[in-house]
Amino acid sequence: MIDKKLLTFPRIRLVLVLLLGLAGLQAASILGQACFLAKAITDLWAGQALSEQWQWIGFFVLCYLLRHLILWRKEDLLDSYSRQQAQRLRQELLSKVFEQGPSLIQGQGTGNVTTMALEGIDQVEKYLRLILAKSTTMMVVPWLILAVIWYLDWRSGVFLLIIYPLIVIFMIVLGYAAQAKADRQYHTYQLLSNHFVDSLRGIDTLKYLGLSQRYARSIFKTSERFRRATMSTLKVAILSTFALDFFTTLSIAVVAVLLGIRLVDGTILLFPALTILTLSPDYFLPIRDFSNDYHATLDGKNALTAINQILAVKTTEITKVSLPAWNDQSQLTISQLDFAYPQQSKSLQQLNFQAIGFQKIGIIGLSGSGKSTLINLLGGFLKPQSAQIKIAGQELASFAQPDWQRQLIYIPQNPYIFRASLRDNIAFYQPQATTAQVEQAVKVVGLERLVAQLPAGLDTQIGEGARALSGGQAQRIALARAFLDQSRKILLFDEPTAHLDIETEVELKERMLPLMTDHLVFFATHRLHWMQEMDWILVIDQGKIVEQGTLAQLQQQHGAFVQLSRSLRSV
Ligand SMILES: Nc1ncnc2c1ncn2[C@@H]1O[C@H](COP(=O)(O)OP(=O)(O)OP(=O)(O)O)[C@@H](O)[C@H]1O
């Protein structure tokens, strides 16, 4: 009855035992309530004075209060337990997302991960709260009530016992139908989230191409599908609630009629008949409650399955290797590196190269040749299928090593600007940087004009939803970050100027080059002029290094580099 997935939650067994205990007390208070009320009415019927009934009425009121006190205690217990578990799940989910990095987000979709971490966890919290309370009550309360009814009148007991499994079977059949509908609903919900976030991100492209109306229609269609899936789940939910209420009410009516006939016949006394009649609705109440809330919990159940799937993504345990800080004598050797994206044939094959000291290594190739993939591997965001990597004499399986990543600065095509002040964005790697240091960085990368224009200077909020920046300004912030943190000696550039106009690129290049000295630099680009600044060049074509050497060597060889230069110039 209780989802196996829930049994893996911490302290769940203790909570279940407490809930079962409270359900036992709840059953006792329901029984007391029915017996004392029946006793008072029977005595009054027998002609006793009302003043003699105060003790029974008093007990009845006590039981009534106890019943509600228990309900309140149960809710309190479940509220705090489910809240704690939701917090734990959210933390685990976010840790997993940060641990797995961009590959997990790409696989699941940004919208889906966002809704899962926000709404999905809230649904799981609701699921926990409802399902634990309802199922433990259903395990205890009806059976204790049935035992007392059986003791008072076995014929009513038999009738109620026979009717119960019929209702359960009926509930299971409708439950399966509802589950199938809810699965479909959850799937369309995930689609809707991804589709919506995707469209919002691409809204400028869509607008430029005049396709935003068409996309709005497509979002409308996806939302309509989600609405229809929701309505059809609700239809089953409402139908089953109605049918269940109808059957249980009918059963109680049958019990009442049978008791009435036997009272007239004189084959049953008023006290047991009244007690049974009062207890019958409470006998069915737990299953009715369970079934009513069952549909409300399905979303939570599905969200929990989806969250568990992400949490179950295997974390390849890395053996941490302690690496010294990169210096002018350090050496990196990569041999036979192979990498493939999931469900793809090899994206990078048999890469072999070396990096020594503060070399500047250019990675050049046509679009789709594998430059970004190589940069992502060097940053440890992706893990090679196989490779022999040696840094300072230490063998590594991948670059996902804290000691390596702590030395990196990654500058992509579109550096991410966090929603924070300009100062915090610049001091991203060095939060303790002084204002003088930040101002120095601003000067070095040529951001003074921007700072002068901003209303609160360095303290102006920038990023998502705040002051927007141009591509060149964002790139300058990324460079300022690199300048501020001189302790990170490895710079990974992934097409940093690809989307900038030529004037901005020339100006930025002048500012970038001094920053590159005394650093190991990997610079992926398809802009040839950068190669003049590089000490070593890797020419990549279709995932292979087809040539490598200094610029002079490559120009002399008249091989792949010269061919590539021709085709890049003719573009
Ligand atoms: N996340 C991914 N999943 C599957 N395949 C991918 C993924 N990212 C890239 N690829 C594929 O891997 C190959 C190399 O892509 P990569 O982005 O490394 O090329 P690139 O040389 O950097 O291209 P560009 O200059 O256009 O950025 C391409 O065929 C691309 O389609």
Side-chain angles (χ1 to χ4, degrees), residues 96-113 194 197-198 201-202 205 310 313-314 316 334 337-353 361-387 398-400 408 410-416 471 474-475 478 491-502 505 508-509 521-531 534 536-548 554 560-561 563-571:
K96 192 61 148 194
V97 169
F98 283 110
E99 179 192 286
Q100 295 289 314
S103 57
L104 183 117
I105 306 277
Q106 275 174 6
Q108 296 284 331
T110 315
N112 187 24
V113 174
N194 276 337
V197 171
D198 190 35
R201 280 181 158 178
T205 315
I310 292 195
V313 171
K314 277 225 181 72
T316 24
I334 294 179
L337 183 145
D338 280 332
F339 172 79
Y341 286 105
Q343 287 136 23
Q344 290 223 352
S345 58
K346 292 239 159 69
S347 303
L348 289 181
Q349 288 176 54
Q350 296 290 303
L351 302 197
N352 299 295
F353 62 93
I361 300 184
I363 303 169
I364 192 150
L366 291 175
S367 177
S369 54
K371 302 182 294 295
S372 303
T373 309
L374 178 55
I375 291 285
N376 285 336
L377 281 159
L378 287 166
F381 312 138
L382 298 173
K383 296 189 184 98
Q385 283 178 322
S386 62
S398 83
F399 287 93
L408 299 179
Y410 170 60
I411 304 189
Q413 192 174 359
N414 294 304
Y416 195 76
Q475 209 52 264
L491 297 175
L492 300 180
F493 288 93
D494 188 3
E495 305 257 14
T497 54
H499 65 309
L500 302 181
D501 56 62
I502 195 74
E505 183 179 14
L508 260 180
K509 189 175 174 185
V521 176
F522 288 98
F523 198 102
T525 183
H526 57 259
R527 296 217 170 151
L528 275 172
H529 63 88
W530 283 99
M531 294 305 116
M534 299 293 136
W536 194 256
I537 298 168
L538 306 177
V539 185
I540 301 206
D541 186 29
Q542 296 185 21
K544 291 187 189 139
I545 297 181
V546 284
E547 210 176 21
Q548 56 181 306
L554 297 183
F561 179 75
Q563 266 180 23
L564 179 73
S565 313
R566 276 195 206 116
S567 54
L568 284 175
R569 279 200 193 100
S570 64
V571 176

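Numbering of ligands and ligand atoms starts at 1, following listing order. Any value given below was found using the heavy atoms of this structure, including those in side chains, with hydrogens, waters and symmetry copies removed.
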Answer yes or no: does atom CD of Gln542 have more than 12 heavy-atom neighbours from other residues, nucleotides or ligands under 6.0 Å? no

Just to be sure I understand the cut-off, which residues have at least one non-hydrogen atom under 4.0 angstrom from an atom of ligand 1? Gln106, Tyr341, Gln344, Leu366, Ser367, Gly368, Ser369, Gly370, Lys371, Ser372, Thr373, Glu495

Quick check: closest heavy atoms across Pro496 and Ala524, and the distance to 0.1 Å? CD-O, 4.1 Å

Phe523 CZ to Asp494 CG distance, which is reported to the nearest 0.5 Å: 9.5 Å

Report yes if some heavy atom in the side chain of Leu378 is under 4.5 Å from a heavy atom in the side chain of Ile334; otherwise report no. yes

Would you name the heavy atoms of Arg527 and Ala498 that are closest together and state the gap between them? NH2-O, 3.0 Å

How about NZ on Lys544, more than 12 heavy atoms from neighbouring residues, nucleotides or ligands closer than 6.0 Å, or not? no

